[in-house]
Amino acid sequence: SDGDKLSGEVKVNGSSTVAPLSEAAATFYKETQSDVNVSVGTSGTGGGFERFCKGETDISDASRPIKDSEKEACAAAGIEYKELVVANDALTVVVSKDNDWADCLTVDQLKTIWEPDSKVTNWKQIDPTFPDEPLKLFGPGTDSGTFDYFTDEINGEEGASRTDYTASENDNVVVQGVAGTKGGLGYFGFTYFEENADKLKALKVDGGSGCVEPSLKTAQENTYQPLSRPLFIYVSDAGVKKEQVADFVTFYIERIDDIVLEAQYVPLTEEQKSTLQTEFDALKAAA
Amino acid sequence: MATSTSNAGPAAGSALRRGRRRPVDSTVRVLLVVAALVSVVTTIGIVIALVQPTIGFFRQVSIIEFVTGTSWTPTFAQKAYGVLPLVAATFVVTGIALAIAVPLGLGSAIYLSEYANPRTRRVLKPIIELLAGVPTVVYGFVALFALNPLLQKWWPTDTGPAFQNLLIAGIAMGIMIVPTIASISEDSMAAVPRSLREGAYALASTKMQVSTRVVVPAAISGIVAAVVLGISRAVGETMIVTIAGGLTSDRIVLNPLEGAATMTAFIANISSGDIPVGSLDYDSVFAVGALLFLITFALNAVSIRMVRRFREVYE
Amino acid sequence: MSTPTLTTTTTRPDPSAPGNALTQRRSRPGEVAFRLAMQACLLVAFSVLTALLAWVLVKGWNRLDSRLWTEMPTGLVSRLDTAGVQSALVGTLWIISLVAVICLPIGILSAIYLEEYADNTRWYNRLLELNIQNLAGVPSIIFGILGLGIIARALGLGFTVITAAIVLSLLVLPVVIIATREAIRAVPQSIRHASYALGATKWQTVSRQVLPSAVPGIATGSILALSRAIGEAAPLIVLGAVTFITFNPDGLDSGYTALPIQIYTFITRSQSEYTELAAGAIVLLLAIVLAMNSIAIFVRNRFEKRW
Amino acid sequence: MTDHRLPRPTPSDPEVSTVNPTDTTSRPGVSIAGVGAQPTTASQSEAADPVMELSAVSVYYGAYEAVRDTTMPIQEKQITAMIGPSGCGKSTILRSLNRMNDLIPGARVAGSVSYHGQDLYARDVDPIEVRRRIGMVFQKPNPFPKSIYDNVAYGPRVTGMKVSNMDDLVEKALRDAALWDEVKDKLKTSGLALSGGQQQRLCIARTIAVRPEIILMDEPCSALDPIATAKIEDLMSELSNDYTIVIVTHNMQQAARVSHYTAFFTAEVDEQQERHGRLVEFSQTGKLFTNPADKRTEDYITGRFG
Amino acid sequence: MTDHRLPRPTPSDPEVSTVNPTDTTSRPGVSIAGVGAQPTTASQSEAADPVMELSAVSVYYGAYEAVRDTTMPIQEKQITAMIGPSGCGKSTILRSLNRMNDLIPGARVAGSVSYHGQDLYARDVDPIEVRRRIGMVFQKPNPFPKSIYDNVAYGPRVTGMKVSNMDDLVEKALRDAALWDEVKDKLKTSGLALSGGQQQRLCIARTIAVRPEIILMDEPCSALDPIATAKIEDLMSELSNDYTIVIVTHNMQQAARVSHYTAFFTAEVDEQQERHGRLVEFSQTGKLFTNPADKRTEDYITGRFG
Ligand SMILES: Nc1ncnc2c1ncn2[C@@H]1O[C@H](COP(=O)(O)OP(=O)(O)OP(=O)(O)O)[C@@H](O)[C@H]1O
Ligand SMILES: Nc1ncnc2c1ncn2[C@@H]1O[C@H](COP(=O)(O)OP(=O)(O)OP(=O)(O)O)[C@@H](O)[C@H]1O
Ligand SMILES: [Mg+2]
Ligand SMILES: [Mg+2]
Ligand SMILES: O=P([O-])([O-])[O-]
C-alpha cells in the first residue's frame with residue numbers, strides 16, 4: 001500500500017471459520033491505516049453471502065465455495081466478485097486424551113458414525129476391536145460452513161448428517177465435551193485443535209491412501225484427504241473501487257503469511273500464493 | 001395596598017362563553033396522541049414482520065406437522081419441522097427455573113413483608129430490585145463457567161451432565177427471576193391492607209397464621225401475576241439458553257442433564273447463521289418467533305388479568 | 001338472639017382464672033420453623049446472587065484495569081493480554097444516548113396521554129393500554145426480528161447504530177410508559193382538582209403540577225429502562241451485531257458493537273484469555289448497570305413524595 | 001340541654017324567609033322534600049338576591065343517580081351550608097356548582113344550574129372560565145408542593161390575570177385569608193411545611209387570589225383540630241362580606257355557627273334498593289335548627305340518626 | 001331543644017357513681033383531668049365490677065407520648081364509650097387493651113392495664129392469648145377476602161378451639177351478630193360481597209365466634225349508613241348481656257344512645273407545642289351528658305368545639 005492516509009469503511013462479513021483471519025488482518029491493518037474502519041461480522045458463510053449479494057458488504061468470508069443459489073442472488077443484484085483462497089484448513093476429528101484405542105478412522109468408518117439415521121452408539125460398533133465404550137458425538141452448529149463441508153465430504157451430501165449429536169456454535173462445547181467424555185468424538189477446524197492440543201487427541205484419517213494425521217504439512221501438501229479444505233474471501237468489484245477496500249485487500253494479500261500464522265491456520269502453498277496474486281491483480285485491473 | 005385585580009363582576013355570566021382559544025392545549029394533544037401511537041405501530045410492525053414469513057412457512061409445511069412433529073431439523077439435509085422439541089426444551093428450562101425461583105422468591109417476599117423490621121426491609125428491598133437488573137448475558141456466563149464446573153465436580157456418577165445442558169440453564173434462569181418474583185410478590189403483599197392483618201391478629205392469630213392464611217391468600221392474584229411474569233420472562237429469555245442450554249432439537253429432550261434448543265436459542269442461533277432470506281429455513285425462524293409471540297401473548301393476558309384483579313380488590 | 005336449641009361445645013376461657021391462662025405461653029415450634037424457612041429463602045437468594053457476582057469479579061480480576069476501556073479488541077490471539085473493549089463500551093454509550101433521546105420523550109408523552117387525556121371508557125384507549133402492557137411482555141428477541149425485518153431491511157436503515165437504538169427504544173418503551181404512568185398516578189387527584197378549581201387548563205395543570213411532582217418517578221423509570229437497554233444482547237444478535245470492530249462509532253449510520261455482544265462473542269471462544277476478558281467486560285457492564293439502577297432506586301426512595 | 005349549642009347566625013344576618021317546605025315535584029313515594037322555586041314563594045324578602053340557582057338538578061355517576069331533583073338558590077354574599085348524613089350527595093351537588101364534576105369520568109348533571117342567569121352547563125360555556133369565577137376549597141388541605149408564594153400566585157398566573165404587582169396581590173390574598181402574619185417571613189418555604197390549619201388557610205388564600213365571586217368549600221375543617229377550625233370559621237364569616245360562600249359540613253354545630261342558610265340532604269332508598277340523595281329542607285339556618293319543617297330534619301339535628 | 005337526644009342508658013343500668021373529677025396526678029399545667037383511682041372513690045357502689053382496669057396508662061409512639069396518664073375501669077357486661085375530638089388518643093387507648101399496639105413498631109405502653117387482676121403487659125403474658133379473650137372490631141369493616149363461612153370459622157381454626165361442629169358454631173355466631181337470616185343461603189360467597197353494614201356485622205360475628213370476654217370496637221359505625229348504624233347499635237345493646245364492650249365513637253349521640261359509661265378524652269398542647277391525649281372525665285353516661293363535671297366536657301358535648 002502507498003503511504004497515503006486513507007479513511008472510510010471496509011465491511012467484511014461471513015464465515016466464523018475465516019473470521020479469525022480477517023480479524024487478524026484488520027488488527028494489523030489498523031496499525032498502518034488507523035483511520036480506516038474495518039468491521040468483521042460473523043454471520044456464517046451463508047449469512048455473509050446473503051449480505052454480500054445485497055451489496056451490504058465489501059468482502060465475504062467463506063469456508064466453502066459460493067453456492068449456485070447464492071451466485072444467482074449476486075447476479076440478480078448486479079454484484080460482481082472475485083474468489084480468493086487465503087488459507088487452508090484441516091477439519092480435525094478429535095477424541096478424548098483418555099481414548100487409548102483409536103488412532104485412525106477410515107472415511108467409511110466416519111460415514112457409518114455420522115450418516116443420517118446412523119445407529120452407531122458404541123465404539124464397538126465402529127470396529128469390533130474397540131472396547132465397549134458408549135460413543136458421544138459433538139460437532140459444530142448446523143448452520144456453519146464447517147458442517148456443510150464435513151457432511152459433503154464424508155456423507156456425500158451437504159447437510160446430510162445424523163442429528164442426535166451435540167451441536168453448538170460455541171467452540172467450548174466441542175472442546176469441553178470431547179475432553180470430558182472418554183468415549184467422545186467430535187470434529188472442527190484445525191485451529192481449535194491446535195489451541196486445545198493439551199486436552200484433545202486428533203485422529204488420523206484414512207481417505208483411501210493410508211492414515212494421515214492433520215497437520216500444517218499434510219494440509220498444505222493436500223495429503224490430508226478428504227478433510228483439508230481451502231478458505232476463501234470474496235471481494236466485490238464495487239468494493240475494490242473504493243480506495244480503502246482495495247488497500248485493505250492488498251494488505252491482506254501481502255501480509256497473508258503473518259495473518260495465517262497469527263490465526264493458526266494452514267498457510268498457502270507457493271502455488272496458491274501466486275494464484276492469489278494473479279487473481280488479485282486481475283481484480284485490481286478490472287477496478 | 002393596591003392591586004389591579006377585581007372581582008369577576010355580575011356581568012360575568014356572558015363572559016363564561018368559550019372565547020379564548022388555547023392553541024398550546026390543542027397542539028399538545030396532537031403530540032401526545034402521536035407519541036401514544038408509536039406503541040401501536042410497534043405491535044403492528046412485529047405482526048407484519050412475523051406474519052409474512054410465517055405464511056410462507058406454512059405454505060410448505062403443514063401446520064399439523066409443525067404442532068405435532070417430534071423432530072426439528074430444518075438445517076439438516078433430512079428436514080423435519082415438528083416444533084415440539086423446541087417447546088419441550090423451553091418448558092423444561094422454565095420448569096426448573098420456577099422450581100427454584102418460586103419458593104425462594106415467595107419465601108423472601110414473605111420474610112420481607114411480614115417478618116423483617118422496617119429498617120432491614122428498607123435496605124434489602126432495593127438490593128433485590130437492583131439484582132433484578134443484572135443483564136442476562138451475565139447469567140449465561142455464570143451458568144457455563146461457574147455452575148457447570150461445580151455441577152460436573154459434584155456429580156455423583158462418572159457420566160456427568162453435558163457441557164451445555166438444560167439443568168444449568170434452568171438454574172441460572174431461576175436465579176435470574178428470583179428478584180422479579182420476590183419484588184412483585186412483596187409489592188402485592190405490602191398492598192394487603194393493614195386492616196386485614198389487624199383483623200387477623202385481633203382474632204388471636206400467630207404471625208405464621210396471618211402470613212399464610214390471610215396475607216398470602218389476599219395477595220394471591222399479585223403473586224400469581226408475579227409467577228406468570230416469571231414464566232413469561234423464562235420462556236422469552238434468550239442469552240442464558242443460547243450460551244448454556246445446547247442446540248439439540250432432533251428429538252424431544254426431557255432429561256435436564258442433556259442439552260437442547262429452546263425456541264429462543266433456535267432463533268438466536270439461526271438468525272445469526274448462514275441461511276438465505278426467503279428460504280424455508282429462514283421462514284422457520286419466523287414461524288418459531290410467531291409461536292413464541294403467541295405463547296407469551298397468552299401468558300401476558302393471564303398476568304394482566306391477575307394484576308387487574310389484585311388492584312380491584314383494595315382500591 | 002341465640003337459638004336455644006343450638007349447642008356447641010365451645011366455651012370461653014374460664015373467667016375466674018383467666019389471668020393464669022394468659023401467662024401459659026403456648027410453645028409454637030411451627031412458628032419458629034416457618035420464620036427460619038422464610039429467612040433462609042431470603043438468605044439463599046442473596047448469597048447465591050452475591051456469590052455469583054463475586055465469582056465474576058474474581059474471574060475477571062486480572063483484567064480490571066484501564067486496558068478494558070483504553071484498548072480496542074484484537075484479532076490476534078497472541079496479543080489478547082493487551083486487548084480491551086473500548087469500541088464496545090463506546091458503542092454501548094452511543095446506543096444508550098440515542099435510546100434516551102428516542103424513547104424517553106415518546107414514552108413520557110404516551111404516558112401523559114394515557115393518564116391525563118385518554119378517556120379510558122373508550123375501546124381504543126383501553127386497547128392502547130392493553131397493547132402497551134402486552135408489549136412489555138414480548139420477548140426481546142422478537143424485537144430483534146422486528147428490527148431485522150422492518151427497520152434494518154424494509155426501512156433500509158441497515159445494521160447501524162441507529163437501527164440498534166430504535167430497536168432497543170421500542171423494546172424499553174413500555175417500561176418507560178408504565179413507570180411514568182405509575183408516577184403520574186401517584187400524584188394525588190386533589191392536586192389536579194385544586195389546580196382546575198383555580199381556573200387552570202388541562203395542559204397547565206399537567207405541566208405545572210402533575211409533571212413536576214412526578215419527576216422522581218419518571219426519572220426512576222427512565223433510568224431503569226435505559227439500564228435494561230444497556231444489558232440487552234438478544235435483539236442485537238438477531239440484528240447481526242456479532243461483529244469484530246476496532247473503531248468507535250462516528251455517526252448514526254456507523255457500524256457498532258456493544259458490551260453484551262462483545263461479552264457473548266468472548267464467551268463462545270475457547271481460549272481462557274477470552275473467558276477472563278469476558279469476565280472483565282462483565283464487571284464493567286455490571287458496574288454501569290448497577291450504578292444506574294442504584295441511582296434510580298435512590299432517586300425513588302429519596303425524592304418520591306409519599307402523599 | 002341548653003340551646004347554646006345552636007347559636008343563631010351572626011346578628012347582622014338579614015331577615016330572609018324560609019322557603020315553603022312543600023313538594024314541588026311530582027315524584028311519588030317522597031312525602032315532603034325539596035323547595036319550591038325561590039321566586040314563586042310569597043314571603044320572599046328584599047334581601048334575597050340569588051347569585052346561583054339550582055333547579056331540578058340531578059347528578060348521575062354513570063347510570064347511578066347519586067342526587068335527585070335538587071332545587072335551591074345560593075344567595076349573594078351569604079354563607080349557605082349543606083348538611084346531611086354521609087353519602088347523601090352534598091359533595092356531589094357542591095361540585096356541580098363549578099363543573100368540577102366534569103373531571104369525573106361518567107359524571108353527568110341534569111336540570112339547570114344557573115349563574116347570573118347563565119346556564120353553567122350550556123354547550124358554549126367554558127368550564128375553565130366557570131372555575132375562574134367560582135373557586136373551591138377542599139376537605140383535605142391540598143397546597144401544591146411549591147412555595148407559599150407560588151401557591152398563591154399560581155391562580156393569577158395560569159388564568160393570565162393582568163397583575164401589576166404580584167407581590168402585592170399575594171400579600172393581600174394572604175392577609176384576607178388571615179395567614180399573612182404567620183407566613184410573611186417564610187414565603188419561599190414549601191406550602192407543605194405548614195400546619196393543617198395553616199395549609200387550609202393557604203388554600204383559601206390561593207382561591208381568593210383569583211378574585212372569584214363564589215367560594216365552594218367541601219368540609220374545609222374536617223381534617224383540622226378545634227383551634228384551626230375556629231380560625232377558619234372566623235375567616236369564613238369575614239369573607240362573606242366580599243364573597244358568596246357555599247360550605248359542606250358534616251358538623252351541624254358548624255353549620256349552625258357560621259351559615260345564613262342551610263340545606264339539609266338525606267339519602268332515600270328507592271324500590272330497587274338504590275340510595276339517592278335528596279334535598280329535604282332548605283331554609284334560613286336559624287329556622288332550620290330551631291323549627292324544622294320536616295320530621296327527618298328534626299330527627300337528624302336532634303341526633304336520632306346519623 | 002328537647003332532651004330526647006340524650007337518652008339515659010338502659011333502665012336496668014345499675015347505679016354507678018361518677019368518679020370525682022379531682023386531679024390525682026401531680027403534672028403541672030393540667031387544671032382538672034383524669035379520674036381518681038376507682039377503688040379510692042368513696043361513693044363506689046356494689047354494681048361496680050371492673051373486669052379491666054387502666055391505671056396511669058401512657059402510650060408512646062417512639063418518643064411521642066400520644067396519650068398521658070389514663071386511669072379508668074372497664075365494667076363487666078357494660079358498654080363503655082370513649083369520645084373526644086380527633087387525635088385525642090381514643091384508638092390508641094383502645095388498642096392498648098388487647099395489645100394491638102404491639103404490632104406498631106415503636107409503640108410502647110407505660111402504666112398498668114390489668115385484666116382480672118393480671119397485668120396484661122407482664123413479661124410472661126402471651127399477647128395471642130390476650131387477643132383470644134379480648135376481641136376487636138375495627139372502624140372500616142375488614143372481612144377477609146374469604147367466604148362468609150370461612151371468615152367466621154377463621155378464629156376458631158387458628159386458635160385451635162376444640163369445636164365439635166363448626167357449622168353450628170358459625171351459625172350461632174352469625175345469629176348472635178343478627179346476620180344469619182341475611183346470609184344463611186350464601187355462606188360460601190365472599191365476605192366482601194356484603195354491604196358495609198353486613199360486613200361490619202360479619203366482623204362482629206367473626207369476633208364472637210372465638211367467645212371472647214370483651215369486645216373492643218373502634219368507631220364501628222363511622223363507615224356505615226344510618227340504617228346499618230341503627231342495626232349495629234341494637235346489636236351492641238343485645239351483646240352487652242353476654243359481653244363486656246368498649247366502643248370508641250366520634251358521635252356523641254351514639255355514645256349517649258348505647259353506652260352505660262362514657263370516657264371523654266381531649267388533646268392538650270404542652271409547653272413544647274406537642275399535643276397529648278388526656279382523659280378528661282369518666283362517668284356514667286347519663287351523668288356525663290346531662291351534668292358534666294368538667295367545663296371542657298360541657299363545651300364539647302354542647303358543640304362549642306370539635
Ligand atoms: N366518583 C364517583 N363515582 C361513583 N359514585 C360516586 C362518586 N362519588 C360519589 N359517588 C356516590 O354518590 C353518592 C353521593 O356521594 P357524595 O360524595 O356526594 O356524598 P357526601 O354527602 O359528600 O358524603 P360524605 O359526607 O361522606 O362526603 C354516594 O353514594 C357515593 O357513593
Ligand atoms: N402509628 C402511629 N405512629 C405515630 N403516631 C401515631 C400513630 N397512631 C396514632 N398516632 C398519633 O397519636 C395520637 C392519637 O391518635 P389516635 O389514633 O389514638 O387518635 P383518635 O382519638 O383515635 O383519633 P380519631 O378520632 O381521628 O380516630 C395522634 O396524634 C396520632 O397522630
Ligand atoms: Mg363529601
Ligand atoms: Mg381513632
Ligand atoms: O462460520 P462457518 O465458516 O462455519 O460458515
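None of these values were measured; they are calculated from a predicted model. In what follows, every chain begins at residue 1, and chains take the letters A, B, ... in the order their sequences are listed. No hydrogens, no waters, no symmetry mates; every other heavy atom, side chains included, goes into these values.
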>> Quick check on B/Val28 against chain C: is it the side chain, the backbone, both or neither that has a heavy atom closer than 4.5 Å?
In response: side chain
> Which one of C/Ser294, C/Gly149, C/Ser227 has the most heavy-atom pairs closer than 4.5 Å to chain B?
Replying inline: C/Ser294
> Measuring heavy-atom distances to chain C, does B/Thr242 have an atom under 4.5 Å in its side chain, in its backbone, in both, or in neither?
Replying inline: side chain
>> Need one label for B/Pro179: side chain, backbone, both or neither, based on atoms under 4.5 Å from any heavy atom in chain C.
In response: side chain
>> Heavy-atom cut-off 4.5 Å, strictly under: side chain, backbone, both or neither for B/Pro103 against chain C?
In response: backbone
>> Is B/Leu124 in contact with chain C via its backbone, its side chain, both, or neither, using a 4.5 Å heavy-atom distance?
In response: both
>> Under 4.5 Å from any heavy atom of chain C, what part of B/Thr264 do you find: side chain, backbone, both or neither?
In response: both
> Any idea which heavy atoms bring B/Met239 and C/Ile237 closest together, and the distance?
Replying inline: CE-CD1, 3.4 Å
> Which answer fits B/Ile175, side chain, backbone, both or neither, if we ask what part of it has an atom under 4.5 Å from a heavy atom of chain C?
Replying inline: both
>> For B/Val142, which atoms come within 4.5 Å of any heavy atom of chain C: side chain, backbone, both, or neither?
In response: both
> Heavy-atom distance under 4.5 Å to chain C: side chain of B/Leu50, backbone, both or neither?
Replying inline: side chain
> Which one, B/Glu129, B/Glu237, B/Met176, leads in non-hydrogen pairs under 4.5 Å with chain C?
Replying inline: B/Glu129
